[in-house]
Amino acid sequence: MWFSKSSRNQAGDDIFSKIAPSIFACDFTDILNSIKKAEISGCKYLHLDIMDGHFVPNISFGPKISSEILDKTILLGDVHLMIENPLFFLDMFNHKNVQFITVHFESFVEEEKKLIDIIDKIHSLGKKAGVSIKPATDIKILIHYLELFDLVLVMTVEPGFSGQKMIEPALDKIDKLQDIRRSKSYSYMIEADGGINFENARSLIKRGADLLVMGSAFFK
Ligand code: DX5
Ligand code: ZN
């Protein structure tokens, strides 16, 4: 096995089913082996970070490469769109293996109509709709819409790069989302993304996270 026994023991044997490895952090010259690692570890999802150089100060890859990656795996695609005008691009991420398509609330300048159009479009593609917010964005702005989403992705680093240190205060949002979910009986999943490793993973799950994106700690 590629991962050490101690990392398994530290994190607990079931933890891999809750980890969505971010393929952006892998060695792209060895991508097939990276995908294999995610599969044999017991992961269910593969996280695809789509960056356009506008919404975030970095460029990753787009729909063509995402489809080719998903063609090579049994894992379900967890697409994280860090792009401007996500509505325009949703159709292009309609790969059969995609389970979640997540957009950033900040990327459509908080227009309610666009938000509803985006959710409807994602659902019409047969996918689950996710929303994400940056560390500086208050969870309050999402309150009235939480019921509509299947997933809420809490950014625990500034979006754009893997390998950053987690911004700890962002974790309070997981607690709030967990409280709201319980009190209102909402059904969204809670996902955390950025700076997650085998040392801090379990505490995030305890706080209520259902899915953890892991880039560098998983592949490097
Ligand atoms: C950041 C991305 C993350 C990132 C995670 O913009 O959304 O998914 O690749 O990488 P690590 O785990 O290295 O922070
Ligand atoms: Zn991501």
Side-chain angles (χ1 to χ4, degrees), residues 3 7 10-11 15-16 18-28 31 34-35 37-38 41 43-63 65-66 69-70 75-84 86 89-90 93 95 98-107 122 127-137 149-171 173-174 177 189-205 209-220:
F3 43 79
S7 75
Q10 254 172 14
I15 197 121
F16 287 88
K18 296 186 191 293
I19 291 175
S22 167
I23 202 70
F24 181 57
C26 84
D27 173 356
F28 268 75
I31 190 165
S34 298
I35 293 169
K37 280 178 187 175
S41 310
C43 300
K44 285 194 344 212
Y45 299 98
L46 193 65
H47 187 80
L48 300 162
D49 282 310
I50 316 299
M51 306 177 188
D52 66 353
H54 293 281
F55 182 70
V56 287
N58 200 359
I59 298 173
S60 59
F61 49 84
I65 291 182
S66 299
I69 291 170
L70 290 169
L75 299 176
L76 296 171
D78 174 31
V79 176
H80 179 191
L81 295 179
M82 288 163 278
I83 61 174
E84 284 179 5
F89 293 96
L90 291 174
F93 290 92
H95 191 283
V98 168
Q99 175 109 334
F100 295 109
I101 303 181
T102 295
V103 298
H104 266 266
F105 194 74
E106 303 91 349
S107 69
I122 296 173
K127 312 299 182 194
K128 293 187 174 166
V131 66
S132 182
I133 47 173
K134 295 180 183 180
T137 305
F149 285 100
D150 305 298
L151 177 126
V152 183
L153 191 167
V154 175
M155 285 306 303
T156 44
V157 296
E158 280 305 325
F161 299 89
S162 48
Q164 303 179 74
K165 195 175 171 319
M166 179 181 282
I167 300 169
E168 303 275 340
L171 297 176
K173 292 179 198 171
I174 299 177
L177 284 166
M189 286 174 76
I190 302 171
E191 184 174 32
D193 184 2
I196 298 170
N197 54 44
F198 289 103
E199 283 72 48
N200 59 23
R202 189 156 287 286
S203 70
L204 271 68
I205 291 170
D210 308 288
L211 258 186
L212 307 174
V213 178
M214 203 186 275
S216 18
F218 190 89
F219 288 116
K220 300 260 158 74

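Read the numbers this way: they start at 1 and go in the same order the structure lists the ligands and their atoms. Numbers for residues simply follow the sequence, beginning at 1.
When non-hydrogen atoms are compared, ligand 1 lies under 4.0 Å from the side chain of Ser22 (C-beta onward) but not from its backbone. If you look at Met214 next to ligand 1, the close heavy atoms, those under 4.0 Å, all belong to the backbone. Within the 4.0 Å heavy-atom criterion, the part of Phe161 lying near ligand 1 is the backbone and not the side chain.
Take Ser22 and apply the side-chain hydrogen bond (donor to acceptor under 3.5 Å, both in side chains) test, not counting sequence neighbours, and it matches Asp49. Among residues two or more places apart in sequence or in another chain, the side-chain hydrogen bond (donor to acceptor under 3.5 Å, both in side chains) test is passed with Asp52 by none. Remark: Lys18 pairs with Ile205 by the side-chain contact (heavy atoms from CB on, under 4.5 Å) rule, at least two apart or across chains.
Considering Ile23, Asp193, Ile19, Thr102 as possible partners of His47, the one that fulfils the side-chain contact (heavy atoms from CB on, under 4.5 Å) test is Asp193.
Listed by atom number, the atoms of ligand 1 under 4.0 Å from His47 heavy atoms are 8 (O). Numbered from 1 in the order shown, with element, the atoms of ligand 1 that lie under 4.0 Å from a heavy atom of Gly163 read 11 (P), 13 (O), 14 (O). Listed by atom number, the atoms of ligand 1 under 4.0 Å from Pro159 heavy atoms are 6 (O). Close contacts of ligand 1 with Gly160, meaning ligand atoms under 4.0 Å from a residue heavy atom, involve 1 (C), 6 (O). Those atoms of ligand 1 that come under 4.0 Å of a heavy atom in His80, given as number and element, are 7 (O).
Atom NZ of Lys165 is surrounded by 12 or fewer heavy atoms from other residues, nucleotides or ligands within 6.0 Å. More than 12 heavy atoms of other residues, nucleotides or ligands lie within 6.0 Å of NZ in Lys127, so this atom counts as buried by the packing criterion.
Side-chain atoms of Met166 and Leu171, non-hydrogen and from C-beta on, do get closer than 4.5 Å to each other. Annotation: side chain of Pro63 is not in contact with side chain of Phe89 (no heavy-atom distance under 4.5 Å). Proximity of Leu211 to Phe100: side-chain heavy atoms (C-beta onward) are separated by under 4.5 Å at one or more points. Proximity of Leu81 to Leu90: side-chain heavy atoms (C-beta onward) are separated by under 4.5 Å at one or more points.
The shortest heavy-atom distance from Met51 to ligand 1 is under 4.0 Å. Under a 4.0 Å heavy-atom criterion, Gly194 is in contact with ligand 1.
For Phe198 and Phe16, the gap between ring centers is short of 6.0 Å.
Ligand 1 has a nitrogen or oxygen under 3.5 angstrom from a nitrogen or oxygen of Asp193. Taking only nitrogen or oxygen atoms, main chain and side chain alike, Gly215 reaches within less than 3.5 Å of ligand 1. Looking at ligand 1, you'll find an N or O of Asp49 within less than 3.5 Å of one of its N or O atoms.
The structure places CG of Leu76 at 9.0 Å from NZ of Lys128, a figure rounded to the nearest 0.5 Å.
By the criterion of a separation under 2.8 Å, the protein N/O/S atoms near the Zn ion (ligand 2) amount to His47 NE2, Asp49 OD1, His80 ND1, Asp193 OD2.
Ranking protein heavy atoms by distance to atom 13 (O) of ligand 1, first place goes to Ser216 OG, 2.3 Å.
Put simply, the side chain of Asp150 never gets that close to the backbone of Gly130: no donor and acceptor are under 3.5 Å apart.
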